[in-house]
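All values derive from a computational prediction rather than experimental measurement. Nothing fancy with the numbering, it's 1 onward along the sequence.
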Amino acid sequence: MTQGDQKIELVFIINGANFPLETNVNAPLKEAVARALAESGNTGRPPSEWQVRDAAGVLLEIERKIKDFGFSNGTRLFLSLAVGAGGST
């Protein structure tokens, strides 16, 4: 069993800028999101207030493990603040 397949590079698009990030496929997506936000300087809002979408615009569940999505190396994910973050009726 090799460890070579355990890492993947994801490219987070935040405010129109690219932030490539190497991450472990067994980690939940929210960990990579938190790192991408920190590296991009977007620390004013908690990661839970951000949404992650794929190139097709599908909202992704950040609690799931990265390997569950079947991403390929270099997959682009779009991060944006959730509309009305912080409350629901």
Would you check if the side chain of Asn73 reaches a backbone N or O of Ile8 as a donor-acceptor pair within less than 3.5 Å?
no
Under 3.5 Å, is there a donor on one side chain and an acceptor on the other for Lys67 and Asn26?
yes
Closest heavy-atom pair, Asp54 versus Leu77, reported as atoms and distance to 0.1 Å, is CA-CD2, 4.2 Å
Given 3.5 Å as the limit, does a donor-acceptor pair link the side chain of Ser40 with the main chain of Ala36, or not?
yes
Any chain of hydrophobic side-chain contacts (each under 4.5 Å) joining Phe71 to Leu21?
yes
Value rounded to 0.5 Å, distance of CG in Leu37 from NZ in Lys30:
14.0 Å
Donor-acceptor pair, side chain of Arg35 and main chain of Glu22, under 3.5 angstrom
yes
Side chain to side chain, Trp50 and Ile14, heavy atoms closer than 4.5 Å
yes
Between OG of Ser80 and CG of Leu59, what distance do you get to the nearest 0.5 Å?
8.5 Å
More than 12 heavy atoms of other residues, nucleotides or ligands under 6.0 Å from CD of Glu39: yes or no?
yes
So is Arg64 actually on top of Phe69's ring, under 6.0 Å and inside 45° of the axis?
yes
Spacing of CD belonging to Gln51 relative to CG belonging to Leu81, to within rounding of 0.5 Å:
9.0 Å
Under a 3.5 Å distance rule, please check whether Arg45 uses its side chain to pair with a backbone N or O of Glu49 as donor and acceptor.
no
Would you give the length of the straight line joining atom OG1 of Thr23 to atom CG of Leu29, rounded to the nearest 0.5 angstrom?
8.5 Å
Using a 4.5 Å cut-off on heavy atoms from C-beta on, say whether the side chain of Ile13 contacts that of Asn18.
yes
Going hydrophobic residue to hydrophobic residue with side-chain gaps under 4.5 angstrom, can you get from Phe19 over to Leu60?
yes
Residue pair Val33 / Phe12, side-chain heavy-atom distance below 4.5 Å
yes
Do Leu10 and Ile66 touch side chain to side chain, with heavy atoms closer than 4.5 Å?
yes
Is it possible for you to say whether Ile62 and Val25 belong to one hydrophobic cluster, with membership spreading through side-chain heavy-atom contacts below 4.5 Å?
yes
If you define the side chain from C-beta out and look only at heavy atoms, does anything of Glu9 sit under 4.5 Å from Pro20?
yes
